[in-house]
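Written out below as structure tokens is the structure these notes cover.
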Amino acid sequence: MEFIQENILLIGLALGSGVMLLMPSASKSASGVPNVTSAEAVNLINRSHAVVVDVRDAEAFANGHIAEAKSLPLDDLS
């Protein structure tokens, strides 16, 4: 018990660090939307005929976008 009392700050720091390390993986699975890397996205587009939806505004889409991407500005979504 004496060890805990003398090192409460270090114990709290260790627990806080552990929680911070686990937060990104918890938030990814909680969102319900899968996250993919750029390499995984290329594979999905090439092999599974995935559709890329670009939610940027029309001007940004006109300045450049992924080939065959569909434009659906975020402001148009309800």
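Worth knowing before you read on, the calculation uses all heavy atoms, side chains too, and leaves out hydrogens, waters and symmetry mates.
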> Does any non-hydrogen side-chain atom of L13 lie less than 4.5 Å from one of L9?
Replying inline: no

Without placing hydrogens or testing angles, list every side-chain donor-acceptor pair under 3.5 Å for residues 48-58, not counting sequence neighbours.
unit_1: D54; atom_1: OD1; unit_2: R56; atom_2: N; d: 3.0
unit_1: D54; atom_1: OD1; unit_2: R56; atom_2: NE; d: 2.9
unit_1: D54; atom_1: OD2; unit_2: R56; atom_2: NE; d: 3.2
unit_1: D54; atom_1: OD2; unit_2: R56; atom_2: NH2; d: 2.8
unit_1: R56; atom_1: NH2; unit_2: G64; atom_2: O; d: 2.6
unit_1: D57; atom_1: OD1; unit_2: E59; atom_2: N; d: 3.2
unit_1: D57; atom_1: OD1; unit_2: A60; atom_2: N; d: 2.8

> More than 12 non-hydrogen atoms from neighbouring residues, nucleotides or ligands closer than 6.0 Å to CG on L72, yes or no?
Replying inline: yes

>> To the nearest 0.5 Å, what is the distance between CD on E6 and CE on M1?
In response: 12.0 Å

> When rounded to the nearest 0.5 angstrom, what distance separates CG in L10 from CZ in F3?
Replying inline: 8.0 Å

> Counting distance only, does the side-chain N/O of Q5 pair as donor-acceptor with the main-chain N or O of E2 below 3.5 Å?
Replying inline: no

> Between A69 and F61, which heavy-atom pair has the shortest distance, and what is it?
Replying inline: O-CZ, 3.6 Å

>> For a quick test of reading the model, state the closest non-hydrogen atom pair linking I11 to I4 and the distance between them.
In response: CD1-CA, 4.0 Å

